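What you see is a predicted model; the values in this text were computed from it and never measured. Start at 1 and go down the list; that is how both ligands and their atoms are numbered.
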Amino acid sequence: MRIAVIPGDGIGVDTTAEAMKVVRAAAAAYGRRIELETLPWSADHYLKTGVAVPPNGYAMLREFDAIFIGALGDPRVADNRHARDILLGTRFELDLYVNYRPVKLLDARLCPLKDRSAADVNFVVFRENTEGLYVGVGGRFKAGTDDEVAIQEELNTYKGVHRIVKHAFEFAKANGRRRVCMADKSNAMTDGHALWLRVFKSLAAQYPTVEARHLYIDALALLMVQNPAQFDVIVTNNLFGDIITDLGAALQGGLGLAASGNLHPGRTSMFEPVHGSAPPLAGKNVANPVGAMLSAALMLDYLGWDAEAAAMETAVRDAVVSGSGTPDIGGSLGTRETGDYIAARVQKNLP
Ligand code: IPM
Ligand code: MN
């Protein structure tokens, strides 16, 4: 296996190092070969060279078996240009239309809601990842004046909506999840989201064993907090998915714990923690590497290394439950020490 590793900016560098430490430990434990090739794409690199992604960059990425990205964002790049090219560019150019974000509470004590057990918070979000408000269609007229007009269009295509909603139903069927909920804002966005509703209803009819439910996104946000146990699979558009997966991360115990995969099933896909680059914490050995590790476990699972992925997840859960983690989850370990602990634990969890 050949993996492209883009540690990126800020704490992305810190957490990626620990995630890759654990990946190496899992590969070694199972006698597997894995090549981790680091690409320097980051704000630093962009500021030094003026290049965010080299001209053949996306083609190069397609040659790997998978891609891992740490986090992107740096106050020195005010318009976030490099992050758009590296992260959103990879999503669009590799057509990674499924943003898969599991929301799984590992330890009841980390849930900000009262009296919830780990079983109450266990669902997955499928966020459409190639369309919606992220496509950069729009423009500004008379920018910087009091007459400024700013337009940002939301793109919804039948093909784009159909493939992500279908993916959600297929996932539910294949993984014994009983319910699929589609969330939109079709009561206000009566054109774009009418398409979502039509596609959802027609696909729901094709999966009679899966319970299909439609919610407006505002109601979904309310219900995710009031009673998250009612959700199995949630599917929604790009921006709504972005927002509710931060909410989902909070239910799990914070951004440091949340994982994601950006997938085009059957093709080279990309994995990244949900957390940002947190510039003030960079290099301080305090960032929680668990979200990055769980993202790397999703990557191994996607590549067919089920046992290695499961060993990583179990090791992470053991660490979190036993309090062997960073201060944000009540531990007293640093980023690196958490990595050492979990890497050692992976070896212990061998079958
Ligand atoms: C995420 C992030 C990105 C997004 C940003 C960095 C552009 O918030 O992956 O959730 O909005 O998709
Ligand atoms: Mn986000």
Closest non-hydrogen protein atom to [atom], residue and atom name please, with distance?
{"atom": "atom 8 (O) of ligand 1", "value": "D242 OD1, 3.3 Å"}
{"atom": "atom 3 (C) of ligand 1", "value": "L87 CD2, 4.1 Å"}
{"atom": "atom 11 (O) of ligand 1", "value": "Y134 OH, 2.6 Å"}
{"atom": "atom 1 (C) of ligand 1", "value": "R101 NH2, 3.4 Å"}
{"atom": "atom 7 (C) of ligand 1", "value": "L88 CD2, 4.3 Å"}

Margin query: Just to check, does R84 reach to within less than 4.0 Å of ligand 1 when the distance is taken from its heavy atoms?
Written below: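 No, R84 has no heavy atom closer than 4.0 Å to ligand 1.
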Notebook entry, point to check: With a 4.0 Å cut-off on heavy atoms, does R127 reach ligand 1?
Noted result: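 It does, in that a heavy atom of R127 comes within the 4.0 Å cut-off of ligand 1.
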Notebook entry, point to check: Just checking, R267 and Y97: is the charged tip under 6.0 Å from the six-membered ring centre and within 45° of the axis?
Noted result: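 Judged by the rule, R267 and Y97 form no cation-pi pair.
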Under a 3.5 Å threshold, yes or no: a donor from one side chain and an acceptor from the other, between [X] and [Y]?
{"X": "T157", "Y": "E131", "answer": "yes"}
{"X": "Y134", "Y": "E154", "answer": "no"}
{"X": "N237", "Y": "W196", "answer": "no"}
{"X": "T145", "Y": "D147", "answer": "no"}
{"X": "D74", "Y": "Y46", "answer": "no"}
{"X": "H193", "Y": "N187", "answer": "no"}

Note to self: Give the atom numbers and elements of ligand 1 that come within less than 4.0 Å of a heavy atom of R91.
What the structure shows: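 In order of number, 1 (C), 4 (C), 9 (O), 12 (O).
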Check: In D242, which N, O or S atom comes closest to the Mn ion (ligand 2)?
Finding: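 The closest N, O or S atom of D242 to the Mn ion (ligand 2) is OD1.
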